[in-house]
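Down below is the structure, laid out as structure tokens.
Side chains included, hydrogens not; waters and symmetry mates left out as well; all remaining heavy atoms used.
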Amino acid sequence: MDLQQFLMCLSLCTAFALSKPTEKKDRVHHEPQLSDKVHNDAQSFDYDHDAFLGAEEAKSFDQLTPEESKERLGKIVSKIDGDKDGFVTVDELKDWIKFAQKRWIYEDVERQWKGHDLNEDGLVSWEEYKNATYGYVLDDPDPDDGFNYKQMMVRDERRFKMADKDGDLIATKEEFTAFLHPEEYDYMKDIVVQETMEDIDKNADGFIDLEEYIGDMYSHDGNADEPEWVKTEREQFVEFRDKNRDGKMDKEETKDWILPSDYDHAEAEARHLVYESDQNKDGKLTKEEIVDKYDLFVGSQATDFGEALVRHDEF
């Protein structure tokens, strides 16, 4: 696949994602569960392994000896200690857990970065992104799929400018990550709400009424009878979404809906790991304290928990 074909595919995939749904759509951005396993340390540390490493990485290390597990865990600890002061705090551990859980986001950014940093200067300008993403399709004023790519480009430019903190229209990798995954950044949440409202607000009055809310999730397609879940969503709108009971959702009500304040599972797990490993009870962990409790963090063949570290070639 050449570059132009790739860009067309990327654009079409984005267009599909933004097209009108025919089935229920979940607009709500929840923090993912750290593991689908039961958190019961009396039985196993499987939940902790998934939380610390990410479920996709926490596997295939049941053949490691305890010595191999400890060695590789020590290398991870050096990465977690962000300020290099020799201690791992709850905040550093929480940040690591969130990174491990959202590794796919950073992998996605890396893939897209290579296709958009055209001059390979370690930055992505708006011009580079626009040319790489839209240069091919904008040459055709009447694309076969009928999708409005110019409108989509204007929307992307607005989001790019929001992600670009210093306003120079050149994104660092962190700013590019905020552009591609705005729901992960507090300073981008307003643009997430704005884009969501624009998608759903068909009459462009600046609000989301009940029929627009339902219409975004479900298309009748000629069916007179609505499924039970649609009826439930109508009740949810009236009872919980529309807090001021004016028959529509404004910006703040929409934000409460799609960006709820979830329980911070990563912080809870970080505090749990520190509590279980902090031998001198100073509220932070040394590398020795973590490695001494390696079976809690990663396990090994000897512990028979079957899930541990990340691939050796990553370190």
What distance separates Lys75 NZ from Leu73 CG, expressed to the nearest 0.5 Å? 11.5 Å

Within the 4.5 Å heavy-atom criterion, are Val298 and Arg72 side-chain neighbours or not? no

Which salt bridge (Lys or Arg N to Asp or Glu O under 4.0 Å) pairs, counting each pair once, include a residue from residues 112-125, with sequence neighbours left out? none

Does the side chain of Ile97 come within less than 4.5 Å of Leu273's, by heavy atoms? yes

Considering all heavy atoms, the nearest Ala266-Lys98 contact: CB-CG, 3.6 Å

Which atom pair, heavy atoms only, marks the closest approach of Tyr263 to Ala268? OH-CB, 3.1 Å

Heavy-atom check, side chain of Asp83 versus side chain of Thr89, under 4.5 Å: no

Residues in side-chain contact (heavy atoms from CB on, under 4.5 Å) with Met197, at least two apart? Val193, Ile208, Lys251, Thr254

Can you list everything that forms a side-chain hydrogen bond (donor to acceptor under 3.5 Å, both in side chains) with Ser35? Sequence neighbours excluded, please. Asp50

Over all heavy atoms of both residues, which pair between Ala270 and Leu93 is shortest? Give the atoms and the distance, please. O-CD2, 3.7 Å

Ionic contact status for Lys189 with Asp186, cut-off 4.0 Å: yes

Of the non-hydrogen atoms in Ser277 and Phe297, which two are nearest, and what is the gap between them? OG-CE1, 3.3 Å

For the hydrophobic clusters of this structure (ILVMFWY residues joined by side-chain heavy atoms under 4.5 Å, transitively), does one cluster hold both Val230 and Ile200? yes

Once rounded to the nearest 0.5 Å, what's the spacing between atom NE2 of His39 and atom CG of Asp46? 10.5 Å

Got a sec, which residues hit side-chain contact (heavy atoms from CB on, under 4.5 Å) with Thr172, two or more places apart in sequence or on another chain? Leu123, Glu174, Glu175

Less than 6.0 Å separating the ring centroids of Tyr106 and Phe99? yes

Start with the C-alpha distance between Asn244 and Asp250, add both sets of side-chain angles, then the distance that settles side chain to side chain contact (heavy atoms under 4.5 Å, CB included), and finish with yes or no. CA-CA 10 Å; Asn244 62 5; Asp250 58 24; 4.3 Å; yes

Is Tyr275 linked to Leu285 within one hydrophobic cluster, defined over Ile, Leu, Val, Met, Phe, Trp and Tyr using a side-chain heavy-atom separation of less than 4.5 Å? no

So do the side chains of Tyr134 and Asp156 get within less than 4.5 Å of each other, counting heavy atoms only? yes

Going by heavy atoms in the side chains, are Arg27 and Asp199 under 4.5 Å from each other? yes

When clusters are formed by joining ILVMFWY residues with side-chain heavy atoms under 4.5 Å apart, either directly or through shared neighbours, do Phe237 and Trp229 land in the same one? yes

Test side-chain contact (heavy atoms from CB on, under 4.5 Å) applied to Thr286 - qualifying residues, sequence neighbours left out: Phe87, Glu288, Glu289

Contact check, side chains of Asp216 and Thr196, non-hydrogen atoms, under 4.5 Å: no

Determine, step by step, whether Asp190 and Lys255 satisfy the side chain to side chain contact (heavy atoms under 4.5 Å, CB included) criterion, reporting the C-alpha distance in whole Å, the side-chain angles of both residues, the deciding distance to 0.1 Å, and the verdict. CA-CA 8 Å; Asp190 283 347; Lys255 185 175 183 179; 4.0 Å; yes

With Gln151 via side-chain hydrogen bond (donor to acceptor under 3.5 Å, both in side chains) - residues at least two apart: Asn148

Side chain proximity check, Tyr47 to Asn40, heavy atoms < 4.5 angstrom: no

Just checking, any donor-acceptor pair under 3.5 angstrom between side chains of His116 and Asn131? no

What residues form a side-chain hydrogen bond (donor to acceptor under 3.5 Å, both in side chains) with Glu127, not counting sequence neighbours? Lys130

Is it true that Phe240 and Phe207 fall in one hydrophobic cluster, defined by side-chain heavy atoms closer than 4.5 Å? no

Nearest atoms (heavy-atom pairs only) where Arg245 meets Glu239: NH2-O, 3.4 Å

Please check this pair: side chain of Glu183 against backbone of Val192, looking for a donor-acceptor N/O pair closer than 3.5 Å. no

Do the non-hydrogen side-chain atoms of Ile105 and Glu184 ever get within less than 4.5 Å of each other? yes

At what distance, to the nearest 0.5 angstrom, does CD1 of Ile80 lie from CG of Asp91? 13.0 Å

Can you measure from CG (Asp295) to NZ (Lys70) and round to the nearest 0.5 angstrom? 9.0 Å

What's the shortest heavy-atom distance between Phe52 and Ala100, and which atoms? O-CB, 3.5 Å

Enumerate the residue pairs fulfilling side chain to side chain donor-acceptor pair (under 3.5 Å) with a member in residues 204-215, sequence neighbours excluded, ordered by first and then second residue. Glu211-Arg234, Tyr213-Glu233, Tyr213-Arg241

Side-chain heavy atoms nearer than 4.5 Å, only ILVMFWY residues, links allowed to pass through others: does that put Leu210 and Met249 together? yes

Does any pair with a residue in residues 271-287 pass salt bridge (Lys or Arg N to Asp or Glu O under 4.0 Å), and if so which ones, sequence neighbours excluded? Glu267-Arg271

Going by the salt bridge (Lys or Arg N to Asp or Glu O under 4.0 Å) test, which pairs reach into residues 158-173, not counting sequence neighbours? Glu110-Lys173, Glu157-Lys161, Arg158-Glu198, Arg159-Glu195

Residue set satisfying side-chain hydrogen bond (donor to acceptor under 3.5 Å, both in side chains) with Asp256, at least two apart, ordered chain then number -> none

So that I can tick it off, tell me whether Lys248 and Asp201 are bridged by a salt bridge, with the cut-off set at under 4.0 angstrom between side-chain N and carboxylate O. no

Using the side-chain contact (heavy atoms from CB on, under 4.5 Å) criterion, which residues pair with Val28? Sequence neighbours excluded. Asp26, His30, Trp257, Pro260

SB check Lys231 Glu228 (cutoff 4.0 Å): yes

Salt bridge (Lys or Arg N to Asp or Glu O under 4.0 Å) evaluation trace for Lys84 with Asp81: CA-CA 5 Å; Lys84 307 302 178 186; Asp81 180 17; 5.9 Å; no

In this structure, CZ of Phe176 is separated from NE2 of His181 (nearest 0.5 Å) by 9.0 Å

Could you walk me through whether Ile76 and Leu53 pass the side chain to side chain contact (heavy atoms under 4.5 Å, CB included) check? CA-CA 10 Å; Ile76 289 182; Leu53 298 168; 4.0 Å; yes

Which value, rounded to the nearest 0.5 Å, describes the distance between Glu128 atom CD and Thr133 atom OG1? 10.5 Å

Can you tell me if Lys94 uses its side chain to pair, donor with acceptor, with the backbone of Glu269 under 3.5 Å? no

